[in-house]
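Each remark here refers to the structure printed beneath this line.
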Amino acid sequence: MILTEAEEKMLEGKSGQAVRMAMRILTKLGDLYGAKKMIEITQAHIDGCCYPTVREAGLEFAEKLASLGARVKVPATLNITARDIERWKEFRIPSSFAEKSLRLERAYLKMGAIPTWTCAPYQWGLVPRFGQQIAWAESNAIAFVNSVIGARTERYGDFSDACAAITGRAPEFGLHLSRNRRGKVYIRLRKIKSALSMDDSFYPVFGYFLGLAVKDRIPVIEGIPREVSIDQLKSLGAAAATSGSVALFHILGVTPEARTYEEAFQGGKPEKIVDITFDELSKVRENLSTAKGDRVDLVAIGCPHYSFAEFQKVIHLLGGRRIHKGLEFWIFTNRTVFSWLKGTNLINLLGASGIRVSTDSCIIHLPLKEWGFKVMMTNSAKFAHYVPSTLGLEVVLGSTEGCVKSALSGKVVREETLWKRC
Amino acid sequence: MEKMLILKGKGIIPGLGEGRALVSSQSISFWGDLEPETGMIISRRHELFGKNITGKILVFPYGKGSSSGCGILLEAIRCRKAPAAIINLNTEPILALGPIVAEELYGKSLPIIILPEKSFNLLKTDDYLIVDSAKEEVKKSLE
């Protein structure tokens with residue numbers, strides 16, 4: 001890789017030992033993936049700040065960087081931490097675990113990162129513009145920012161995200177380059193009824209299907225209605241990045257690099273055309289649920305972090321009723337949305353209904369043994385995918401309506417209207 | 001010396017590792033699939049569920065999912081529960097990062113090599129393999 005004079009100096013340690021280590025990691029990565037040079041990035045999103053995903057090794061890494069005097073060179077947002085920073089006791093998080101989280105949080109704050117604590121920095125954080133070169137981690141955020149906004153990031157992970165933030169550089173490869181953003185697989189929804197493709201419950205299932213179907217190839221999707229909401233695209237991307245390595249998807253007429261078919265495929269042809277069927281989608285949906293009966297102990301939604309509009313929908317569905325005493329209902333979001341809830345009557349309505357709102361965090365990373373939960377219901381494909389292995393719970397994937405009805409009745413209500421086989 | 005079949009590939013992380021192969025046709029996301037302190041595959045959705053990857057030559061097509069995979073692989077290396085080497089069809093940067101950071105923090109490595117599909121498909125669980133990613137080859141025992 002050819003480095004600039006300034007980058008060579010970083011590598012020699014002229015900007016300190018932390019920058020030197022970060023630069024060494026990035027150049028190794030760049031050499032490996034055929035980067036010819038480094039590019040200057042303008043912001044970073046750091047995912048290495050969640051203790052259970054990086055454990056002791058990740059804590060050592062962050063504390064080492066912080067103690068070597070690392071400072072972020074570009075604005076850097078932080079992904080979730082493994083606790084609600086203010087209300088962790090209410091969620092029965094063991095204090096030894098909270099202590100580890102605190103140490104990791106402090107290390108990244110010491111480096112000058114912004115305490116956004118959210119997996120959806122594209123909605124409330126530091127939203128980049130179209131074409132901007134950035135270094136983001138967190139698979140759902142990568143998929144969203146590349147696809148829906150059209151900023152450019154490769155799939156960064158724990159460690160490379162911090163290295164990029166500290167140096168302000170990223171190796172020029174992968175999705176930073178226009179030629180690598182070309183669509184490869186053409187996915188058509190011609191056999192799917194539009195009533196289904198307009199519904200919120202379609203997007204996590206379709207996203208999960210998409211990841212399985214394309215793996216790491218870039219899909220171009222035809223047939224998503226132009227009215228598709230930001231929140232629906234958010235759940236599509238999160239699901240696709242869970243079941244596959246989808247870091248970029250194009251939707252004809254919707255996403256900015258797919259205004260036309262020619263633009264999405266950059267004048268080329270798809271390697272493969274897939275006409276998805278209702279039966280295939282339905283099967284994917286069934287496989288995402290592991291629980292058989294109607295028992296449910298916990299309803300958990302907010303993956304990715306819930307928006308104000310999504311909270312409004314839940315409030316509407318609740319209609320002033322209180323959830324069943326036999327279960328818990330948790331919604332995950334960030335401090336920005338939480339402050340809006342507090343700025344309105346919504347926080348009182350949620351409290352009166354028995355719902356707990358958690359900020360800064362994500363259920364899949366919380367130690368919840370003490371609660372004795374066995375079955376969780378959610379509307380998120382990503383939650384449904386990870387919860388059986390990370391929390392050891394059985395899971396039911398339903399629609400938001402189904403989740404609310406289940407929470408009110410105390411047992412699983414499968415809201416199936418749109419998913420009935422014709 | 002016993003007969004070995006030599007398969008040429010592309011070295012990703014240089015190093016030497018040998019042992020029995022553990023082959024999966026499915027992709028692996030280390031985060032959510034692997035418990036790094038024990039080396040066990042804990043995802044019930046995965047075909048390697050209940051298997052231990054420690055000391056094995058772990059063969060799988062590519063990574064997937066979470067961007068936290070590298071943290072879990074790094075922790076497995078720190079805990080000495082990592083595979084002896086990894087063979088992929090395609091190694092994405094997120095996977096390579098764990099071993100790269102391990103070299104920085106612990107001076108330890110985890111060799112990774114990619115093989116073309118034809119050679120990759122020859123590998124079966126329990127094959128005895130020697131991965132030499134610096135020499136860009138995998139030796140397969142023909143015992």
Side-chain angles (χ1 to χ4, degrees), chain A residues 21-22 24-26 28-30 32-33 45 47-48 50-61 64 79 136-142 154-161 163 171 173-174 211-212 215-216 241-247 287-288 290 364-365 382 385-390 392, chain B residues 10-14 26-37 40-46 49 61-79 81-82 88-106 108-109 112 114 133:
Chain A
M21 178 169 134
R24 214 158 40 205
I25 291 171
L26 292 175
K28 272 190 192 173
L29 198 65
L32 204 51
Y33 289 93
H45 181 64
D47 179 40
C50 178
Y51 176 72
T53 68
V54 294
R55 318 264 168 126
E56 287 302 303
L59 185 56
E60 282 179 22
F61 174 81
K64 182 170 183 180
N79 206 56
W136 274 27
E138 166 49 43
S139 62
N140 102 82
I142 294 165
E154 187 32 50
R155 272 168 54 81
Y156 292 97
D158 307 333
F159 316 126
S160 56
D161 48 15
C163 293
F173 68 90
L212 292 174
K215 300 181 178 78
D216 60 351
T242 298
S243 56
S245 291
V246 176
N287 287 342
L288 274 164
T290 62
I364 39 192
H365 302 296
K382 186 170 181 174
H385 175 91
Y386 283 119
V387 153
S389 60
T390 62
Chain B
K10 180 175 177 261
I12 299 293
I13 304 289
Q26 294 176 342
S27 53
I28 296 181
S29 154
F30 284 98
W31 183 76
D33 284 348
L34 175 72
E35 186 176 66
E37 296 86 357
M40 296 294 287
I41 297 290
I42 52 165
S43 171
R44 282 184 286 164
R45 298 185 198 281
H46 204 279
F49 174 64
Y62 32 67
K64 64 147 192 232
S66 169
S67 50
S68 296
C70 44
I72 292 300
L73 189 56
L74 178 67
E75 177 69 357
I77 297 171
R78 192 189 72 91
C79 297
K81 298 293 176 192
N88 290 151
L89 276 177
N90 180 22
T91 306
E92 52 165 14
I94 281 184
L95 190 63
L97 257 169
I100 291 177
V101 176
E103 285 170 357
E104 287 292 326
L105 281 186
Y106 307 117
K108 271 195 255 186
S109 182
I112 303 183
I114 55 180
S133 45

To the nearest 0.5 Å, what is the distance between CD (B:Glu104) and NZ (A:Lys28)?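 The CD atom of B:Glu104 sits 5.0 Å away from the NZ atom of A:Lys28.
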From A:Arg155 atom CZ to B:Leu95 atom CG, the distance as rounded to the nearest 0.5 Å: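 Nearest 0.5 Å value for the CZ-CG distance: 10.0 Å.
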Shortest non-hydrogen separation from [X] to [Y] and the atoms involved:
X        : Y        : answer
B:Ser29  : A:Tyr386 : OG-OH, 3.9 Å
B:Pro93  : A:Phe173 : CG-CE1, 3.5 Å
A:Tyr156 : B:Ile94  : O-CD1, 3.7 Å

Identify which part of [X] has an atom lying under 4.5 Å from any heavy atom of chain B, answering side chain, backbone, both or neither.
X        : result
A:Pro52  : backbone
A:Phe61  : both
A:Ser160 : both
A:Asn287 : backbone

Under 4.5 Å heavy-atom distance to chain A, tell me which part of [X] shows up: side chain, backbone, both or neither.
X       : result
B:Phe49 : neither
B:Glu35 : neither
B:Ser43 : both

Can you check whether [X] reaches [Y] side chain to side chain, under 4.5 Å on heavy atoms?
X        : Y        : result
B:Arg45  : A:Thr290 : yes
B:Leu74  : A:Val54  : no
A:Thr390 : B:Trp31  : yes
B:Ile72  : A:Arg55  : yes
B:Cys70  : A:Phe159 : yes

Carboxylate-amine/guanidinium proximity below 4.0 Å for B:Arg78 and A:Glu56: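 Answer for the salt bridge query: no.
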Spell out, as yes or no, whether a donor-acceptor pair under 3.5 Å connects the side chain of A:Ser389 to the backbone of B:Gly32.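 Yes: the side chain of A:Ser389 pairs with the backbone of B:Gly32.
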Top of [options] for chain B proximity - count of heavy-atom pairs under 4.5 angstrom:
options                               : answer
A:Val246, A:Asp161, A:Leu288          : A:Leu288
A:Ile364, A:Leu32, A:Asn140, A:Asp216 : A:Leu32
A:Glu154, A:His385, A:Met21           : A:His385

Test side chain to side chain contact (heavy atoms under 4.5 Å, CB included) on A:Lys215 and B:Ser27; report intermediate values, then the result. CA-CA 9 Å; A:Lys215 300 181 178 78; B:Ser27 53; over 6 Å; no
Please lay out, stage by stage, how B:Leu97 and A:Asp158 fare under the test side chain to side chain contact (heavy atoms under 4.5 Å, CB included). CA-CA 8 Å; B:Leu97 257 169; A:Asp158 307 333; over 6 Å; no
